[in-house]
Q: 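Sharing a structure with you now.
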Amino acid sequence: MIDLNKPINFIQNIIDSDLASGRVVEIVTRFPPEPNGYLHIGHAKSICLNFDLAAANGGRCNLRFDDTNPETESPEYVDAIIEDVRWLGYNWSGNVRYASDYFDQLFEWAKFLIKREKAYVCELTSAQTREYRGTLTMGGRDSPFRDRPASESLDLLEEMRSGGVEEGKMTLRARIDMQSPNINLRDPVLYRIKKYPHHRTGRVWSIYPSYDFAHGQEDALEGITHSICTLEFADNRVLYDWFIKNLPVPATPKQFEFGRLNINYMVTSKRKLKQLVDENIVDGWDDPRMPTLSGMRRRGITAQAIKNFCKSLAVAKTDGVVDIAQFEYFIRDDLNKHAKRVMCVLEPLKLLITNYSADHVEDLSIPYHPNRGDLGYRRVPFTSEIWIDRNDFSEDQALSRKKFKRLVIGDYVRLRGAYVVRADSVIKDVNGIITEVRASLVPGTIGKNAPEEIKPRGVIHWVSEQYSVDCCVNQYDRLFSHPLPESGDESFVKFINLNSLKVIYGCKAEPELAKAQMGENYQFERIGYFCLDNRRKNDDDLVFNCTIGLRDNWSKT
RNA sequence: UGGGGCGUCGCCAAGUGGUUAAGGCAACGGGUUUUGAUCCCGUCAUUCGGAGGUUCGACUCCUCCCGCCCCAGCCA
């Protein structure tokens with residue numbers, strides 16, 4: 001599975017030279033999610049990169065929540081994220097860490113900067129701050145509070161911290177360069193007032209550090225050697241380095257950026273995914289149509305498939321769009337190897353075998369997997385009345401054997417794992433709808449080919465009517481009808497595919513599926529891969545989610 | 001118009017002065033098959049955003065041009 005020919009990525013190259021030059025002795029990385037939403041496939045790429053890079057170099061990787069904005073964060077997200085990382089199979093070094101663990105230290109460092117006249121409390125409103133910042137092409141103007149005495153800033157900061165100042169009235173800013181062509185350096189905000197309870201520190205703080213003031217210092221505190229983030233943070237790197245240089249931090253982490261993962265027909269923006277959840281466009285963060293890890297898990301996509309996919313991805317600085325077919329390849333690839341084969345009829349049509357005794361039952365033994373003997377066999381009862389899928393039968397005898405490898409009046413077909421049968425006639429209701437097909441089997445064809453002159457058109461799946469179990473199947477189509485739903489403005493909701501969920505009731509499954517286990521993947525032969533849905537009302541309800549259909553070359557033509 | 005980043009097959013992507021320009025996905029042929037699945041075999045860039053230049057020799061170095069992405073949150 002792992003492509004040994006795949007060259008090492010540019011970050012590994014950097015690690016190699018850092019190790020060779022002695023800049024670092026142990027590789028330490030970190031996965032730093034903000035707990036303001038659920039993890040999605042894009043995060044999976046980052047998780048794999050960080051954990052695998054550390055492991056490949058004998059280092060370690062931390063899991064750290066960047067919880068610097070209590071207004072948008074919650075313990076629900078913390079728990080979900082931890083579960084998802086575990087599900088992927090990764091173990092972080094030591095305890096789960098939080099930016100909030102370092103609030104005291106960060107505050108001390110803020111005062112350190114003030115004392116060295118590298119930070120000041122600013123009383124510009126947010127609108128004024130924006131105005132003073134200048135534009136992309138023009139420099140900004142210095143804040144009138146820029147040169148106030150350190151002692152004054154120190155007192156004010158203490159007042160901000162203790163809740164004595166209204167939200168929006170003051171910020172702590174770094175004193176860098178209002179003329180910098182890099183806007184991040186135009187006296188960035190280090191602390192802002194938020195009188196909002198934090199999910200871990202409660203109401204202890206009335207001010208919270210900004211991402212820029214927190215992230216690099218957290219990395220330094222944890223001894224992170226390679227701080228890997230996505231491309232949009234490239235401009236923040238000089239600021240990251242500025243703090244590391246101007247603060248008495250215990251280490252010198254370095255930031256490296258790579259291109260985030262985009263997949264067509266998907267949306268990977270926590271903000272937008274949250275919108276889908278909040279507006280009830282989907283069933284929740286774990287809706288099987290969502291690109292979230294929890295949604296994909298519920299859909300039946302395996303952690304291994306996601307990891308294999310992520311590892312196949314290049315780590316580079318280009319921001320491309322990966323074809324969803326590439327992801328689907330890895331989903332099928334893993335499922336094909338591991339899923340047990342069973343039979344299930346989605347749209348039942350009765351087939352009566354007229355030359356088979358009505359009270360006879362044959363206990364057939366059929367392998368769980370065509371090329372994995374280690375998975376063993378299952379018992380499948382064969383009776384005279386069976387269910388076949390309606391679209392596996394046609395009255396049109398003119399249909400060529402090449403175009404329709406299924407049952408046609410007057411011709412033969414193999415019942416998977418059982419006999420070869422010939423369709424003889426049909427019975428219709430008053431509306432002309434076929435209600436039953438009458439057929440005759442060719443004796444002695446179980447496990448053997450039919451006589452030379454009988455050439456079955458193909459193989460179809462079936463289920464004994466008497467022993468079948470009823471089930472329900474959820475089939476999914478892509479959530480968006482547009483390959484790039486995020487292109488253009490915020491109107492991605494306009495591209496929602498309204499037919500992305502199809503619930504099929506009254507499906508008939510072989511008795512084996514009555515024992516279906518949660519978390520197990522099955523292949524419904526000739527249809528696709530399925531798993532039990534985790535939101536069933538009762539434990540013995542049989543509701544299956546279609547993970548993905550089998551590859552289907554024939555329907556394309 | 002400032003700054004940062006990127007442009008190699010339909011998609012992803014190796015390549016760091018001399019290779020027949022890897023590989024995967026997709027596509028298209030063919031073989032095996034009691035899943036129209038899997039598996040196997042084969043085909044698929046005289047060309048690297050464009051134009052010049054340096055060089056015996058460039059996707060790789062230089063110059064100019066074109067295109068795309070990110071930055072003006074007290075979000076991350």
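Residue numbers start from 1 in every chain, and the chains themselves are labelled A, B, ... in the order their sequence lines are given, proteins ahead of strands. Please read all numbers here as calculations on a predicted model, not as lab measurements.
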Q: Have a look at Ile324(A) and say if it touches a base, only the backbone sugar-phosphate, or nothing, with a 4.0 Å heavy-atom cut-off.
A: nothing
Q: Any donor-acceptor pair under 3.5 Å linking the side-chain atoms of Glu73(A) with those of Asn69(A)?
A: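 No.
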Q: Could you classify G36(B) for me, syn or anti, using a glycosidic angle within 90° of 0 as syn?
A: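 For G36(B), whose glycosidic angle is more than 90° from 0, the conformation is anti.
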Q: A14(B) pairs with which nucleotide, Watson-Crick or G-U wobble, both distances below 3.5 Å?
A: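 A14(B) is paired with nothing.
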Q: Where do N or O atoms of nucleotides 8-10 of chain B meet protein N or O atoms at under 3.5 Å, pair by pair?
A:
none

Q: Does Phe233(A) reach a base, just sugar-phosphate, or nothing at all? Heavy atoms under 4.0 Å.
A: base
Q: Please report, rounded to the nearest Å, how far the P atom of C74(B) is from the CD atom of Glu123(A).
A: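 Atom CD in Glu123(A) sits about 16 Å away from atom P in C74(B).
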Q: Is a side-chain N or O of Glu131(A) found less than 3.5 angstrom from the main chain of Ala127(A), in a donor-acceptor match?
A: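 Side chain of Glu131(A) to backbone of Ala127(A): no pair is present.
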Q: Give a yes or no on whether Arg372(A) atom CZ has more than 12 heavy-atom contacts from other residues, nucleotides or ligands under 6.0 Å away.
A: yes
Q: Regarding Arg341(A), tell me which of base, sugar-phosphate or nothing describes its non-hydrogen contacts under 4.0 Å with the strands shown.
A: base
Q: Going by atom types only, do Asp235(A) and Asn182(A) share a side-chain donor-acceptor pair under 3.5 Å?
A: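 Result is no, nothing qualifies.
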Q: Base, sugar-phosphate, or nothing for Arg406(A), non-hydrogen atoms under 4.0 angstrom?
A: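 Base, at least one base heavy atom under 4.0 Å.
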Q: Nearest of C39(B), G24(B), A27(B) to any side-chain atom of Gln326(A)?
A: G24(B)
Q: Using a 4.0 Å heavy-atom cut-off across all strands, classify Gln523(A) as base, sugar-phosphate, or nothing.
A: base
Q: Tell me the interatomic distance from Leu313(A), atom CG, to A13(B), atom C1', rounded to whole angstroms.
A: 10 Å
Q: Specify the separation, in whole Å, of atom OH of Tyr240(A) and atom P of C71(B).
A: 21 Å
Q: Ignoring hydrogens and angles, does a donor from either the side chain of Asp235(A) or the base of G3(B) sit under 3.5 Å from an acceptor on the other?
A: yes
Q: Taking the side chain of Asp333(A) as heavy atoms from C-beta outward, which of C39(B), A14(B), A76(B) is closest to it?
A: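 Minimum distance to the Asp333(A) side chain belongs to C39(B).
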Q: Would you indicate which nucleotide in U38(B), U16(B), A13(B) comes nearest to any side-chain atom of Asn371(A)?
A: U38(B)
Q: Counting the atoms with a prime plus P, OP1 and OP2 as sugar-phosphate, which does Ile548(A) contact under 4.0 Å by heavy atoms, base, sugar-phosphate, or nothing?
A: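 It contacts nothing in the nucleic acid.
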Q: Compare the minimum distances between each of C71(B), C25(B), A14(B) and the side chain of Leu136(A), then state the nucleotide with the smallest one.
A: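 For the Leu136(A) side chain, the nearest candidate turns out to be C71(B).
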Q: Tell me the interatomic distance from Asn553(A), atom CG, to G30(B), atom C1', rounded to whole angstroms.
A: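 Taking CG of Asn553(A) and C1' of G30(B), I get 13 Å after rounding.
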Q: So, is Tyr329(A) near the phosphate of C25(B), with a side-chain N or O under 4.0 Å from OP1 or OP2?
A: yes
Q: Decide yes or no for Arg173(A) and Ser143(A): does some side-chain heavy atom of the first lie under 4.5 Å from some side-chain heavy atom of the second?
A: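 SC-SC contact between Arg173(A) and Ser143(A) confirmed.
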Q: Tell which nucleotide pairs with A27(B), taking only Watson-Crick or G-U wobble pairs whose two distances are both under 3.5 angstrom.
A: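 Per the H-bond distance test, U43(B).
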Q: So Trp285(A) and Tyr77(A), would you call those rings parallel, tilted or perpendicular, with 30° and 60° as cut-offs?
A: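 Because their plane-to-plane angle is over 60°, the rings of Trp285(A) and Tyr77(A) count as perpendicular.
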Q: Can you tell me the base-pairing partner of C74(B)? Count Watson-Crick or G-U wobble geometry only, both distances below 3.5 Å, and say none if there is no partner.
A: none
Q: Which is true for Lys402(A) with a 4.0 Å heavy-atom rule: it touches a base, it touches only sugar-phosphate, or it touches nothing?
A: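 Result for Lys402(A) = base.
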Q: Map Val322(A) and Asn184(A) onto RNA chain B by nearest heavy atom, then report which one ends up closer to the 5' terminus.
A: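 Here Val322(A) is the residue nearer the 5' end.
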Q: Just call it for Gly320(A): base, sugar-phosphate, or nothing, with non-hydrogen atoms closer than 4.0 Å on any strand.
A: sugar-phosphate
Q: As a test of reading the structure: which of C75(B), C74(B), G36(B) is closest to the side chain of Lys194(A), going by heavy atoms?
A: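 The nucleotide sitting nearest to the side chain is C75(B).
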Q: Counting the atoms with a prime plus P, OP1 and OP2 as sugar-phosphate, which does Arg130(A) contact under 4.0 Å by heavy atoms, base, sugar-phosphate, or nothing?
A: sugar-phosphate
Q: Which listed nucleotide (C70(B), G4(B), A37(B)) is nearest to the side chain of Glu232(A)?
A: C70(B)
Q: The side chain of Asp66(A) lies closest to which of these nucleotides: A76(B), C39(B), U35(B)?
A: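 For Asp66(A), the side-chain atoms sit closest to A76(B).
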Q: Given that both distances must come in under 3.5 Å, which nucleotide forms a Watson-Crick or G-U wobble pair with U63(B)?
A: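 The base-pairing partner of U63(B), which may sit in any strand shown, is A51(B).
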Q: What does Glu525(A) touch in the nucleic acid at a heavy-atom separation under 4.0 angstrom: a base, only the sugar-phosphate, or nothing?
A: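 Base: the residue Glu525(A), judged by heavy atoms under 4.0 Å, touches a nucleobase.
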Q: Indicate the ring-plane relationship of Phe530(A) and Phe524(A), choosing parallel, tilted or perpendicular according to the 30° and 60° boundaries.
A: parallel
Q: Of the options C6(B), C74(B), C75(B), whose atoms approach the side-chain atoms of Lys317(A) most closely?
A: C6(B)
Q: Using ring centroids (six-membered ring only for Trp), state whether Phe243(A) and Phe213(A) fall under 6.0 Å.
A: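 Ring-ring flag for Phe213(A)/Phe243(A): true, centres closer than 6.0 Å.
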Q: For A37(B), give its Watson-Crick or G-U wobble partner with both distances under 3.5 Å, or none.
A: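 Check on A37(B): unpaired, no WC or wobble geometry under 3.5 Å.
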Q: Looking at Phe404(A), is Arg457(A) sitting on its ring face, NZ or CZ under 6.0 Å from the six-membered ring centre and within 45 degrees of the normal?
A: no
Q: Rounded off to whole Å, could you give me the CD1-to-C1' distance for the Ile263(A) and C25(B) pair?
A: 12 Å
Q: Counting only side-chain heavy atoms from C-beta out, which of C69(B), A76(B), A26(B) sits nearest to Asp319(A)?
A: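 In terms of side-chain proximity for Asp319(A), the closest of C69(B), A76(B), A26(B) is C69(B).
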Q: Classify the ring geometry between His43(A) and Phe31(A) as parallel (under 30°), tilted (30 to 60°) or perpendicular (over 60°).
A: perpendicular
Q: Stacking between Tyr211(A) and the base of A76(B) (centre distance under 5.5 Å, interplanar angle under 30°)?
A: no
Q: Name the closest nucleotide to the Asn13(A) side chain, picking from U16(B), A14(B), A76(B).
A: U16(B)
